[in-house]
Amino acid sequence: MESNDRNKMHLTGKPTKRRASADKRPQKEEKIQIQYTPAKPFNRTRFLLHLATVVAVVLAVVLGMSIFFKTRQVLVSGTQKYTPWEIKEASGIQDGDALLGLSEAKISVRIRAALPYVGDVRVGIKLPDTVMISITELEVVYAIQDNQNGWWLMDGSGRIVDTTNVASAKDYTQIKGVQIRDAVIGEQAVAAKIEPPTQETTETGETVPPVVIPTDEMLATAVKITTALEKCGVMGTIISVDVTDLKELTLWYENRYEVNLGDAERLEYKIGAMKSTIKKLGEYQSGYLDVSFTTWPTEVYHRPFDANF
């Protein structure tokens, strides 16, 4: 029995120790094998084939929509001066036109050129066959005289809207201090030139150069004022706008206030100050308002008409 135990120890003990000592040896790190896959060469033919396929699909979709989505009806909203039929005729849209081929910009230009009382145009489409046109008509226009003593109506952007006469011109805000020439309905107003007087000679023999009146600037300033009036929400309450002196611009608010704006700087601020001041003064007040902020840089000056100073 002892002999067998020794043999077992000899056979099992020593090899176990050798395996243990062998496990303690540092193992060699395995190297990671990296495989490089070469890029496939650019196949120009295959690329062009894919590109042609995509283009063909897009063209097929667009062509299909152009064929199937045709204009069948035009719906008009927001107009009172013109009938829906007049709006459609002015738009140039024909039955059968491709919906996707319509240009909002071109339609708007056509309508505003043909129908001067149209202020804003919005165009949309509703599949499968409807064009929707929304119209905003002008609420306020201004009367201006030409150099032949005729009267015209002009919108706040300076576009000629219609012709009028002396009696009817009193119903609109009148632009004073500048006249227009060669007015065409639907087009921008053009200021009439004023021929400068001939040169004058003083008693000492000196020649005084003629004063050139900047009528283009005066008309542009009038348009700036009308634009500011509309932004401040006081259009329709102004009887007249006078641009005779570009440094002393004036306007009349109803029959109650003569307002001095000074120059054309900060017009919206000045008109806003005028509006808030009149609101504070009350309906029974009237007089002269200075919103030029020159003599009084931080306040609006008010003087009643019956004041002694």
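- Within the 3.5 Å criterion, the main-chain N or O of A264 finds no donor-acceptor partner in the side chain of K270.
- Here the straight-line distance linking atom CG of D129 with atom CD1 of I125 works out to 11.0 Å at 0.5 Å rounding.
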Contacts table for residues 252-262: side-chain donor-acceptor under 3.5 angstrom, sequence neighbours left out:
{"unit_1": "E254", "atom_1": "OE1", "unit_2": "R256", "atom_2": "NH1", "d": "3.3"}
{"unit_1": "R256", "atom_1": "NE", "unit_2": "Q285", "atom_2": "O", "d": "3.2"}
{"unit_1": "R256", "atom_1": "NH2", "unit_2": "G282", "atom_2": "O", "d": "2.9"}
{"unit_1": "R256", "atom_1": "NH2", "unit_2": "Q285", "atom_2": "O", "d": "3.4"}
{"unit_1": "Y257", "atom_1": "OH", "unit_2": "Q285", "atom_2": "O", "d": "3.3"}
{"unit_1": "N260", "atom_1": "OD1", "unit_2": "G262", "atom_2": "N", "d": "3.1"}
{"unit_1": "N260", "atom_1": "ND2", "unit_2": "E248", "atom_2": "OE1", "d": "3.2"}
{"unit_1": "N260", "atom_1": "ND2", "unit_2": "D290", "atom_2": "OD2", "d": "3.4"}

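- Taking CG of L281 as the reference point, atom OG of S276 lies at 9.5 Å (rounded to 0.5 Å).
- When atom types are taken as modelled, the side chain of E268 and the backbone of K231 share no donor-acceptor pair closer than 3.5 angstrom.
- Of all the heavy atoms in L289 and M274, the pair that sits closest is CD1-CG, 4.2 Å.
- Counting all heavy atoms, side chain and backbone alike, V123 lies closest to E104 at N-OE2, 3.4 Å.
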Residues 237-246 side chain polar contacts: donor-acceptor under 3.5 Å, at least two apart:
{"unit_1": "T237", "atom_1": "OG1", "unit_2": "V234", "atom_2": "O", "d": "2.5"}
{"unit_1": "D242", "atom_1": "OD1", "unit_2": "T244", "atom_2": "N", "d": "2.9"}
{"unit_1": "D242", "atom_1": "OD1", "unit_2": "T244", "atom_2": "OG1", "d": "2.5"}
{"unit_1": "D245", "atom_1": "OD1", "unit_2": "K247", "atom_2": "N", "d": "3.0"}

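- In this structure, the separation between OG on S134 and CG on L75 is 11.5 Å, given to the nearest 0.5 Å.
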Distance-only donor-acceptor pairs under 3.5 Å for side chains of residues 176-183, two or more places apart:
{"unit_1": "R181", "atom_1": "NE", "unit_2": "A191", "atom_2": "O", "d": "3.4"}

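- Put simply, L115 and I135 are part of the same group of oily side chains (I, L, V, M, F, W, Y) that touch within less than 4.5 Å, one to the next.
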Could you give the side-chain donor-acceptor pairs of residues 88-96 under 3.5 Å, partners two or more places apart or in another chain?
{"unit_1": "K88", "atom_1": "NZ", "unit_2": "D95", "atom_2": "OD1", "d": "3.3"}
{"unit_1": "S91", "atom_1": "OG", "unit_2": "K88", "atom_2": "O", "d": "2.6"}
{"unit_1": "S91", "atom_1": "OG", "unit_2": "I93", "atom_2": "N", "d": "3.2"}

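- In terms of hydrophobic clustering, with Ile, Leu, Val, Met, Phe, Trp and Tyr side chains grouped at heavy-atom distances under 4.5 Å, I185 and I175 are assigned to a common cluster.
- Of the inter-residue distances, the one linking R110 atom CZ with S103 atom OG reads 7.5 Å to the nearest 0.5 angstrom.
- Judged purely by distance below 3.5 Å, without hydrogens or angles, the side chains of N165 and S168 pair a donor atom with an acceptor atom.
- The hydrophobic cluster containing Y269 also contains I271, counting ILVMFWY residues as joined when their side-chain heavy atoms lie under 4.5 angstrom apart, directly or transitively.
- Y142 and V190 are members of different hydrophobic clusters when ILVMFWY side chains are connected at heavy-atom separations under 4.5 Å.
- Put simply, CD on E86 and OG1 on T79 are 7.5 Å apart, with the number rounded to the nearest 0.5 Å.
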Under 3.5 Å, side-chain donor or acceptor atoms of residues 214-224 against the rest of the protein: list the pairs with distances, not counting sequence neighbours.
{"unit_1": "T215", "atom_1": "OG1", "unit_2": "A192", "atom_2": "O", "d": "3.2"}
{"unit_1": "D216", "atom_1": "OD2", "unit_2": "K193", "atom_2": "NZ", "d": "2.7"}
{"unit_1": "T221", "atom_1": "OG1", "unit_2": "E217", "atom_2": "O", "d": "2.8"}

V131/L99 under side-chain contact (heavy atoms from CB on, under 4.5 Å): CA gap, chis, key distance, verdict: CA-CA 8 Å; V131 179; L99 287 178; 3.6 Å; yes

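- Of the possible donor and acceptor atoms, none in the side chain of R112 sits under 3.5 Å from a partner among the backbone N and O of V121.
- Y288 pairs by the ring pair (Phe, Tyr, Trp, His ring centres under 6.0 Å) definition with nothing, not counting sequence neighbours.
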Going through the checks in order, is the side-chain contact (heavy atoms from CB on, under 4.5 Å) test met by I160 and E187? CA-CA 6 Å; I160 299 299; E187 296 186 5; 6.0 Å; no

